[in-house]
Amino acid sequence: MTIPVFGLGTFRLKGQQVIDAVRMGLELGYRHIDTAQIYGNEADIGKALRASGIAREDLFITTKVWTTQLAGDNLITSLEESLEKLGLDQVDLALIHWPVPEAQVPLAEYMTSLLEARQQHLARHIGVSNFTIAQMEQAIDAIGTDNIATNQVEIHPFLQNRKVVDFASRHSIPLTAYMPLAYGKVMEDETLQRIATAHHATPAQITLAWLLQQGFVVIPSSTRREHLKANLEARKITLTGEEMQAIAALDRGERLANPDFAPEWD
């Protein structure tokens, strides 16, 4: 099973809010749920998964290992804790959430630990998140391209991350676009509004269609049923070459996820 191209992001959602979002998403047809250790919502997502009654083999669950858990045996131990919270025997995809400065833990060390976690059946697939080209090269050297299911990075019309996209494409590493709607900023853009009007759609739907048409996995987030439903319907939209180019012209290098421990971006 490859990564389902449409997933439900859960960043910033906790407690009853994330339980409701996941419940509604599953009712509407989402089967790919994306979480992370640092989100603090794995246990609540586990509750929503159990309550859904959906067969485990029909779900695709992603979690991400936090930076403080990458040294030595910590990665595997922390992943076991994530599984306990989620109520699962294994996740479908385990990612390194952020690379850490080499002085703290060598990249090859935690990539090898992640591969070991997969060999122990804690995860069906493994990958990375927020990796630069140089870090993807190191990851490939450590565990091989075939063992990297995705690099999850910020991609939206205002940050198109083209160097990373080109490198990943050349090495056949799928990319997952997080923050695909740029925290709702896409709704205010005139170009996206114009294209949306032509398709009787919303700027959010147009943005998701644009990402899907380029072959990215998308994981938009919402707490409202109507938005969750509308986002899924983006799969029905086909944009023209001219429309794709017009959106491509919106790139302005506007990065929204840039913590002080972030790598030197490409």
Side-chain angles (χ1 to χ4, degrees), residues 1-11 21 24-34 58-60 62 92-93 125 127 129 149-256:
M1 181 183 190
T2 54
I3 305 173
V5 297
F6 217 103
L8 177 61
T10 62
F11 177 50
M24 289 187 291
L26 294 171
E27 286 171 3
L28 291 165
Y30 288 81
R31 292 295 179 265
H32 173 188
I33 309 296
D34 181 276
D58 294 331
L59 296 167
F60 190 97
T62 299
D92 298 283
L93 178 62
H125 305 282
S129 180
T150 193
N151 184 8
Q152 186 178 123
V153 290
E154 182 180 346
I155 307 176
H156 47 73
F158 315 126
L159 178 74
Q160 296 181 24
N161 231 330
R162 289 186 181 135
K163 289 179 182 176
V164 166
V165 170
D166 290 345
F167 178 90
S169 176
R170 289 199 309 274
H171 291 80
S172 300
I173 296 174
L175 291 182
T176 300
Y178 74 72
M179 287 184 194
L181 305 179
Y183 284 148
K185 290 186 179 189
V186 297
M187 302 302 288
E188 301 153 15
D189 184 84
E190 290 181 4
T191 298
L192 293 168
Q193 289 171 350
R194 173 176 55 78
I195 296 170
T197 300
H199 286 267
H200 306 289
T202 66
Q205 290 173 319
I206 295 302
T207 299
L208 294 170
W210 171 77
L211 290 163
L212 291 169
Q213 226 162 297
Q214 294 177 77
F216 301 128
V217 175
V218 295
I219 47 170
S221 174
S222 182
T223 56
R224 295 173 61 175
R225 179 181 285 270
E226 62 268 32
H227 290 166
L228 288 164
K229 185 172 186 289
N231 287 347
L232 266 185
E233 288 169 357
R235 296 175 298 178
K236 301 173 186 173
I237 297 170
T238 302
L239 301 173
T240 67
E242 191 179 332
E243 289 167 338
M244 293 291 288
Q245 287 178 349
I247 301 171
L250 299 177
D251 193 7
R252 55 190 187 222
E254 185 178 347
R255 191 177 294 278
L256 301 175

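Sorted by first and then second residue, the pairs that involve residues 171-180 and meet side-chain hydrogen bond (donor to acceptor under 3.5 Å, both in side chains), not counting sequence neighbours, are Asn130-Tyr178, Thr150-Thr176. Screening residues 186-200 for side-chain hydrogen bond (donor to acceptor under 3.5 Å, both in side chains) gives His199-Glu243 as the qualifying pairs, with residues at least two apart or on separate chains.
Checked by atom type and distance alone, the side chain of Glu154 pairs as donor or acceptor with a backbone atom of Leu256 at under 3.5 Å. At distances below 3.5 Å, at least one donor-acceptor pair connects side-chain atoms of His32 with backbone N or O atoms of Pro4. In this structure a side-chain-to-backbone donor-acceptor pair under 3.5 Å is missing from Glu27 to Arg225. A donor-acceptor contact shorter than 3.5 Å is absent between the side chain of Gln213 and the backbone of Thr238.
Leu26 is listed as a side-chain neighbour of Leu59, based on a closest heavy-atom distance under 4.5 Å. Side-chain contact between Ile237 and Trp210 is absent, with no heavy atoms from C-beta onward closer than 4.5 Å. Counting only heavy atoms from C-beta outward, the side chains of Asp251 and Arg162 approach each other to under 4.5 Å. Between Leu212 and Arg235, the closest side-chain pair of non-hydrogen atoms falls below 4.5 Å.
Taking the six-membered ring where the residue is Trp, His125 and Phe60 present parallel rings, their angle staying beneath 30° rather than reaching 60°.
Between the CE atom in Met24 and the NE2 atom in His227 there is a gap of 11.0 Å [rounded to 0.5 Å].
For Glu226, the side chain to side chain donor-acceptor pair (under 3.5 Å) partners are Arg224, not counting sequence neighbours.
The side-chain contact (heavy atoms from CB on, under 4.5 Å) test with Ile3 singles out one residue from Thr62, Leu93, Asp34, Asp92, and that residue is Leu93.
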